[in-house]
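Just so we're on the same page: letters track the sequence lines, and every chain starts at 1.
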Amino acid sequence: MNHLVIAPVLMPLVTGIILVLGGGILSLSACRALGLAAVWVQILLAVELWQLIKDGSVLVYHLGNWPPPWGIVLVADRLAVWMLILTAVLALFALLQASQGVDRAGRHFQALFQWQLFGLNGAFLTGDLFNLFVFFEILLLASYALLVHGGGAERVRAGLQFTVINLVGSTLFLFAAGTLYGLIGTLNLADLAVRISQAAPEDLGLIGVASCLLFAVFALKAALAPWHLWLPSAYAAAAAPVAALFAIMTKVGVYALLRMQSLFFAGTSPLSGLYGGLLLTLGLATLLLGAVGALAATALRQQIAQLVVASSGLILVAFSLETKTGIASGLYYLTHSTLAVAAFFLLAESIARGRARFADWLIAGTLPKQAGVLGASFFLIALSIAGLPPLSGFIGKLALLQAALASPHWPWILGVVLVSSLILILALVRSGSLLFLNVQSTGRSALPPRHKRDSLWPAFGLISLGLALTLGAASILELGLMTAEQLLAPGVYIQAVLPRVGS
Amino acid sequence: MEVLLSLIIGVLTAGGVYLLLRPRTFSVILGLALLSYAVNLFLFASGRLALQAPPIIDPAANQYTDPLPQALVLTAIVIGFAMTGFVVMLALKAYAKLNSDQVDGRDLPDPKR
């Protein structure tokens, strides 16, 4: 049993506790340094974990040394560690941006940030359905507080709606978990997978109902249509570093859907294909609705939030293919879209501040300060998100389309992906030209600069990671293929958690 | 007993869903509370209903009740309690900030005015 598996969960928890307890003693810069150091350590831990499981082994950690299925387990396989690395890297840049002053707008920002990471890392690592619920609650509770961080009427209104909708989701989660436990008698994911495949035919109906309830819960988190309506107002209202971190929150839902699909509803399961069909139809609808929403948005941050919705749809379409190349392209696109959208949120904040009273409304206004740099960054991110060559979005979409050709539904997938890309290009061209070209007066904004020049380094860092993703596309897609291979053979995961079952 | 319990869960859920769909935050919070009561009872029942049976090993017992749902319910109650507390505070803050207790932050036109 390797204790490294639990380290990414404990690290942010302990850091958060220290930050709260030491709140009175530690200076602001000490808190920032501690938070940043903790995030750095999480990156190192995640990379170290990847080294351990690169060969395809699955690390299982028994909490309290209770053997599963009685005890709770943490499981590190390639998919989980992939998400851990992405989360930690994203958190680093979000925290760098927050440390420029946003964290002063309210109390305990640094601690809440760490606890959000605690919930995220736990949700990726856990191998137990009820524990997944608990980690969801932890990350949500931190996100409720982070969303209203800084205050203001708009944030409180969005925060209340976000909280209520997620509490309803949590209740549904409990109903689903209770139904599954009542029928099957276990909550361990690997054990559930084994017992679902051996379930009596008369139980399959109710298992299907519980699985559909679970699907609704995770689709709500992943912002899959028709459960995506909460997202735009919440993400558009959040402070920039918070919104950037939230870019990974929809991916938790996406991750959970992929995990359930690969464990419970894979090829030989009696309910195989239950999620695949739903994911394909709803994913395509989400993609189209997100693209249209981006075209209709009246402010830049709302538009970016719609881009989050569209990217969720695209990733889930890729996962619905249930093939090696499909899942690999989905993982690549997931990484790309998380980084690109986070960079976009950071950039939008600088643009909004530079335009003074026009903020980020998509209307002709004054040219923001630093317009050259901001415009160039906007152009790079927009190219990448719209999926135009040569950046990472293009590679991700190309890989998806190639994988989709093997599917019987390929005309639908190709049609919707290409049409939505066109709509996204139109939307981004519209906002880019309104923000940077269609300028009312050439004079600088009359307001005196209240803030010192924004440092754009965190946004630049995320953009350059996107460029690295483009340059290293071949090797990252290769890693994606390895991860997909492991997911398509759930026997390895089950065998690692329950050694006695397979033999 | 099964019929009674399922009726209670059903009524609580129906009431919770109805209140959730109301426009004012107070009824929405009550709806959330009712739903969480319903789900707690439901979780409890997922380990089957057994009367006067111990959950832990006892040499004198010949029938046991499942201890796991009790642990789950305990966790769910704690989380539900914390969440309800949080959402009450948030709703109060929203009422103070927005001057309205509507969930969407906008007041309905008052017919008396």
> chain A: which of T13(B), L32(B), V17(B), T25(B) shares the most heavy-atom pairs with it under 4.5 Å?
Replying inline: L32(B)

> Which members of residues 125-135 of chain A, sorted by number, sit under 4.5 angstrom from chain B on a heavy-atom basis?
Replying inline: F130(A), F133(A), V134(A)

> Run the side-chain contact (heavy atoms from CB on, under 4.5 Å) check on L172(A) and V39(B) step by step: do they pass?
Replying inline: CA-CA 8 Å; L172(A) 277 183; V39(B) 82; over 6 Å; no

>> Does any backbone or side-chain atom of S170(A) lie under 4.5 Å from a heavy atom of chain B? Answer side chain, backbone, both or neither.
In response: neither

>> Is it the case that atom CE in M89(B) sees more than 12 heavy atoms from other parts of the structure closer than 6.0 Å?
In response: no

> Hey, mind stepping through V164(A) and L20(B) against side-chain contact (heavy atoms from CB on, under 4.5 Å) and telling me if it holds?
Replying inline: CA-CA 9 Å; V164(A) 169; L20(B) 258 185; 4.2 Å; yes

> What closest approach, in Å, do G178(A) and S46(B) show between heavy atoms, and which atom pair accounts for it?
Replying inline: O-CB, 3.3 Å

>> Could you tell me if the side chain of Y144(A) sits less than 4.5 Å from the side chain of L90(B), heavy atoms only?
In response: no

> Which atoms form the tightest heavy-atom contact between A94(B) and V156(A), and what is the distance?
Replying inline: CA-CG1, 3.3 Å

>> With a 4.5 Å cut-off on side-chain heavy atoms, are Y181(A) and L43(B) touching?
In response: no

>> What part of T171(A) gets within 4.5 angstrom of chain B, counting heavy atoms only: side chain, backbone, both, or neither?
In response: both

>> Using a 4.5 angstrom heavy-atom cutoff, name the option from P69(B), A76(B), G47(B) with the most pairs to chain A.
In response: P69(B)

> Between the main-chain N or O of G182(A) and the side-chain N or O of R48(B), is there a donor-acceptor pair closer than 3.5 Å?
Replying inline: yes

> Which value, rounded to the nearest 0.5 Å, describes the distance between R155(A) atom CZ and K93(B) atom NZ?
Replying inline: 11.0 Å

>> How long is the straight-line distance from CG of L35(B) back to CZ of F175(A), given to the nearest 0.5 Å?
In response: 6.5 Å

>> With a 6.0 Å cut-off (strictly less than), is the heavy-atom count around OH of Y64(B), excluding the residue itself, greater than 12?
In response: yes

> Less than 4.5 Å apart, any side-chain heavy atom of L72(B) and any of L187(A)?
Replying inline: yes

>> Would F42(B) and L174(A) count as a side-chain contact (heavy atoms from CB on, under 4.5 Å) here? Give the steps.
In response: CA-CA 9 Å; F42(B) 180 78; L174(A) 282 177; over 6 Å; no

